[in-house]
Amino acid sequence: MKILFMGTPDFALSSLAALCDAGENVIGVVTQPDKPKGRGYEMKASPVKVYAKERGLAVYQPTTLRGEDFDSLLREIDPDMIIVVAYGKILPENVINYPRFGCINVHGSLLPKYRGAAPMQRAIIDGEKVTGITTMYMDVGLDTGDMIMKEEVEILPDDNFENIHDKLAACGASLLLKTVNAIRDGKAERERQDDTMATYAAKIEKNDCIIDFTKSAADVHNLIRGLSPIPLSFTHTPDGKMLKVWKSRISEEDSSADEGTVISLEGGITVKCGTGAVTLCGVLPEGKGRMKAEDFIRGRKIGLGDKFI
RNA sequence: CGCGGGGUAGAGCAGCUUGGUAGCUCGUCGGGCUCAUAACCCGGAGGUCAUGAGGUUCAAAUCCCAUCCCCGCAA
């Protein structure tokens, strides 16, 4: 069975590597074009491309999937199945309908919940205890296709985006292999999504990263861990500088101070929230690298009674 | 040439504008106090102030020049 793989970031890489290691016939890899990234705008290839090159796989980086070019490429390589994992582009109908065994997608949530671009982050931010992986047959909608397999992954109280991402990437890879096998054997199930239960996990915008200390300590902590280590949530110190936070915990302490006020500097920066308080344990000052909160305090950048804004 | 911050003791920082004995909060080592301690007191070690036999100067961490490295933002 000839498989065309489409994906871009690390999350997709896990699945691609699993397919290759399992000896599946990956005849090509489609990934996003190299883009100028990072400091100095240097061109950077996607993780999937780097791996595919090492592995000697054919790499395609079309700017668009619509139109003659990709259409003829599709006919030329003639895949029996297309597997899409975090590719970053919407597939047009003609592509979805091309392969005999369909277009399979690996999605980082238990559909129909958290359809969309940032399911893992949103699940953590919402304080979910469980998330998971769903494999599905793609259709023209956004993560609305018929589901094939699911597997749950627990979200522990202190898991952050990085942990969950890694767990789900591994889970996604193994579930993908099972799914592919089931399809090949003609044993794959096909379950419609209940649209009335659907929720949408929108892409994380900068506004989503602002810490709102009027919320409960749990909400603040969930936001911080859901966005750590990237892109990181942030607040502002009294001098107006941005302070990102990469690690926190819910504090036992409390106070009647205003929300956002520093009420303790023992073992971190403890900040009063709408309900309860949160201790910031790891921060990243503007223009600096990440550091422990204790070190930030030693540098005398924050004092008791200061208020984050 | 996208924008910006920075390289001073093991960590985080100050000092640089207005050149002239290298400082703060910790850590560390030794001693003391204490039933005891991450607390407190006393004492010590530890720095080529990124690099350049560079420039200016009587004198450079500080001003000028060049290079290397680290980081944040934005995409």
Side-chain angles (χ1 to χ4, degrees), chain A residues 6-13 30-50 61-65 86-90 116-118 120-122 125 160-162 165 201-212 220 223-253 255 260-271 277-309:
Chain A
M6 303 177 73
T8 302
D10 285 316
F11 186 76
L13 177 54
V30 178
T31 191
Q32 293 277 4
D34 295 359
K35 285 178 187 166
K37 284 192 171 191
R39 205 175 296 131
Y41 274 130
E42 285 174 23
M43 292 296 272
K44 206 163 180 191
S46 73
V48 162
K49 177 179 177 179
V50 173
Q61 300 180 279
T63 28
T64 176
L65 303 180
Y87 170 57
K89 272 183 168 51
I90 308 276
M120 301 180 255
Q121 295 94 323
R122 297 285 179 194
I125 291 169
N160 63 11
F161 172 54
E162 184 172 41
H165 171 280
K203 199 170 85 179
I204 303 291
E205 304 283 349
K206 183 150 183 156
N207 280 348
D208 298 318
C209 302
I210 300 171
I211 299 174
D212 180 358
V220 170
L223 180 73
I224 290 169
R225 65 197 182 100
L227 299 178
S228 177
I230 28 173
L232 290 181
S233 54
F234 66 90
T235 183
H236 294 274
T237 44
D239 59 6
K241 296 209 170 157
M242 179 187 288
L243 183 70
K244 295 195 168 189
V245 184
W246 53 269
K247 175 86 173 144
S248 63
R249 63 180 147 74
I250 293 173
S251 173
E252 307 289 317
E253 303 186 51
S255 144
T261 305
V262 177
I263 58 174
S264 167
L265 292 173
E266 296 294 315
I269 304 165
T270 301
V271 185
V278 161
T279 300
L280 313 182
C281 309
V283 298
L284 188 156
E286 193 175 309
K288 293 288 204 174
R290 54 176 55 196
M291 63 178 71
K292 290 185 291 184
E294 286 94 327
D295 289 337
F296 185 71
I297 295 164
R298 280 195 198 96
R300 300 170 161 192
K301 297 296 188 186
I302 195 79
L304 269 180
D306 281 352
K307 197 168 170 184
F308 288 110
I309 43 178

Item to check | Span that lies between the P atom of B:rU18 and that of B:rG55, in whole angstrom | outcome: 24 Å
Next on the checklist: Work out how far the C1' atom of B:rU57 is from that of B:rC3, and round it to whole angstrom.
Outcome noted: 36 Å
Checklist entry - For atom NZ of A:Lys292, is the number of surrounding heavy atoms from other residues, nucleotides or ligands below 6.0 Å larger than 12? => result no
Item to check | Residues, nucleotides or ligands: over 12 heavy atoms within 6.0 Å of A:Glu266 CD | outcome: no
Distance, rounded to the nearest Å, where [X] contributes [atom1] and [N] contributes [atom2]:
X        : N      : atom1 : atom2 : result
A:Ile297 : B:rG12 : CD1   : C1'   : 11 Å
A:Met291 : B:rG12 : CE    : P     : 7 Å
A:Lys288 : B:rA11 : NZ    : P     : 12 Å
A:Leu232 : B:rA74 : CG    : P     : 11 Å
A:Glu286 : B:rC13 : CD    : P     : 13 Å
A:Arg290 : B:rC73 : CZ    : P     : 10 Å
A:Phe296 : B:rG12 : CZ    : P     : 13 Å
A:Arg300 : B:rG23 : CZ    : P     : 15 Å

Next on the checklist: Using a heavy-atom cut-off of 4.0 Å across all strands, would you classify A:Leu284 as base, sugar-phosphate, or nothing?
Outcome noted: sugar-phosphate
Checklist entry - Mapping A:Lys301 and A:Gly40 to their closest nucleotides on RNA chain B, which lands nearer the 5' end? => result A:Gly40
Checklist outcome for this item: Judged by nearest nucleotide, the residue sitting upstream toward the 5' end of RNA chain B, A:Tyr41 or A:Pro231, is A:Tyr41
Next on the checklist: Only pairs with both distances under 3.5 Å count, Watson-Crick or wobble alike; so what is the partner of B:rU18 in this structure?
Outcome noted: none
Next on the checklist: Nearest to the side chain of A:Arg298, heavy atoms from C-beta on, is which of B:rA11, B:rA74, B:rG6?
Outcome noted: B:rA11
Next on the checklist: Taking the minimum atom-to-atom distance to the side chain of A:Lys206, which one of B:rA74, B:rA14, B:rA11 wins?
Outcome noted: B:rA74
Next on the checklist: Tell me whether A:Lys301 is salt-bridged to A:Asp306, with the criterion being a basic N under 4.0 Å from an acidic carboxylate O.
Outcome noted: no
Item to check | Any residue meeting ring-ring contact (aromatic ring centres under 6.0 Å, His included) with A:Phe308, in chain and number order, not counting sequence neighbours | outcome: A:Phe213
Next on the checklist: On the nucleotide B:rC26, are OP1 or OP2 found under 4.0 Å from the side-chain N or O atoms that A:Lys292 carries?
Outcome noted: no
Checklist entry - Closer than 4.0 Å, any side-chain N/O of A:Arg39 to the OP1 or OP2 of B:rG72? => result yes
Item to check | A:Cys281 backbone acceptor or donor facing A:Ser248 side chain under 3.5 Å | outcome: no
Checklist entry - Would you say A:Gln121's side chain and A:Leu227's backbone share a donor-acceptor pair under 3.5 angstrom? => result no
Checklist entry - Which parts of residues 237-252 of chain A get close to RNA chain B, meaning a heavy atom less than 4.0 angstrom away? => result A:Lys244
Just so I know, are the side chains of [X] and [Y] near enough to count as touching, which here means a heavy-atom distance under 4.5 Å?
X        : Y        : value
A:Val30  : A:Lys89  : no
A:Met291 : A:Val283 : yes
A:Ile204 : A:Pro231 : yes

Please tabulate, one pair per line, each protein N/O and nucleotide N/O from nucleotides 37-40 of chain B that are separated by under 3.5 Å, including the distance.
none

